[in-house]
Amino acid sequence: MATRTGTAGPKRLPRAVREQQMLDAAVAVFSRRGYHAAAMDEIAEQAGVSKPMLYFYLGSKEELFAACIRREADRLTEAIATAVSVESSADRQLWEGLRAFFVFVAEHRDSWVVLYQQARAQGESIAREVSRARRVIIDNVADLVRASGGGRVRGGEPEAVAHALVGAADALSEWALGYPDEPPERSARRVMDLMWVGLERRAQGERYEP
């Protein structure tokens with residue numbers, strides 16, 4: 001009697017892998033459609049899963065969006081932290097961090113659209129996720145400002161300068177989205193030229209006198 005062999009079905013993916021696929025699909029759809037116009041049906045279809053599975057794994061649309069923000073913010077902060085060498089000088093560390101930031105924006109445009117453009121228009125829970133990642137970056141930049149000042153940058157000035165630097169990088173990355181040929185290194189150099197050169201002069205005691 002012949003033995004029935006049949007064919008094996010598709011291998012079941014681990015939950016963690018499947019969740020990442022769903023988040024990839026969600027980031028793409030949210031970036032393309034915007035939060036309000038994005039449909040869970042479209043996200044599920046792009047991820048290759050059923051809509052009930054999407055809800056089961058990642059919850060409501062708001063919870064899914066929050067998960068996207070959390071993951072992309074962590075990816076951004078990790079990319080910056082990995083690129084910065086603790087053995088480099090303060091100005092070199094800032095350069096490495098800025099370059100990594102603009103490389104991330106260039107290589108993950110959907111992520112940045114979701115993080116920068118759309119997250120701000122959502123609720124308080126979403127804003128907290130963005131603020132958390134931004135706070136980490138600002139604190140790291142403030143430390144570099146302190147290190148570069150040689151004791152001459154005191155009080156709340158490092159935090160103020162860090163906010164200005166991060167704000168300039170945010171704004172320039174928004175501009176760069178419309179110019180896909182802009183190299184990340186050039187964007188990083190723009191910020192360094194505008195901010196760091198002035199900071200060096202300020203650390204030497206120079207001040208603008210109107």
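On a predicted model such as this, the values are computed, not experimentally measured, just so you know. Values below: every heavy atom of this structure, side chains too, minus hydrogens, waters and symmetry copies.
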Task: Steps toward ring pair (Phe, Tyr, Trp, His ring centres under 6.0 Å) verdict (Trp112, Phe102) - done: CA-CA 10 Å; Trp112 185 245; Phe102 285 108; 8.8 Å; no
TODO: Compute whether any side-chain donor of one residue and acceptor of the other, for Arg15 and Gln20, lie under 3.5 angstrom apart.
DONE: no
Task: Cluster check Tyr116, Val103: I/L/V/M/F/W/Y, side chain < 4.5 angstrom - done: no
Open item on the list: In this structure, would Val105 and Val136 fall into the same cluster of hydrophobic residues linked by side-chain contacts under 4.5 Å?
Closed with: no
Open item on the list: How long is the straight-line distance from CG of Leu64 back to CE of Met40, given to the nearest 0.5 Å?
Closed with: 5.0 Å
With a 4.0 Å cut-off on N to O distance, would you call [X] and [Y] a salt bridge?
X: Asp170; Y: Arg134; answer: yes
X: Arg70; Y: Asp74; answer: no
X: Asp24; Y: Arg71; answer: yes

What pairs of donor and acceptor atoms, side-chain ones from residues 79-87 against any protein atom, are under 3.5 angstrom apart with sequence neighbours left out?
| residue | atom | partner | partner atom | Å |
| --- | --- | --- | --- | --- |
| Thr82 | OG1 | Glu78 | O | 2.8 |
| Ser85 | OG | Glu87 | N | 3.3 |

Could you report the tightest heavy-atom contact between [X] and [Y], atom names first, then the distance?
X: Leu58; Y: Met22; value: CD1-CB, 3.7 Å
X: Val27; Y: Val114; value: O-CG2, 3.8 Å
X: Leu54; Y: Ala44; value: CD2-N, 3.9 Å
X: His163; Y: Arg135; value: NE2-NH1, 4.0 Å
X: Ala162; Y: Ala142; value: CB-N, 3.6 Å

TODO: Not counting sequence neighbours, list each pair that qualifies as a side-chain hydrogen bond (donor to acceptor under 3.5 Å, both in side chains) and has a residue in residues 94-103.
DONE: Ser88-Glu96
Main-chain N/O of [Y] paired with [X] side-chain donor or acceptor, under 3.5 Å:
X: Ser31; Y: Ala28; answer: no
X: Glu45; Y: Glu42; answer: no
X: Lys51; Y: Ile43; answer: no

Task: Flag if over 12 foreign heavy atoms under 6.0 Å of CZ, Arg109 - done: yes
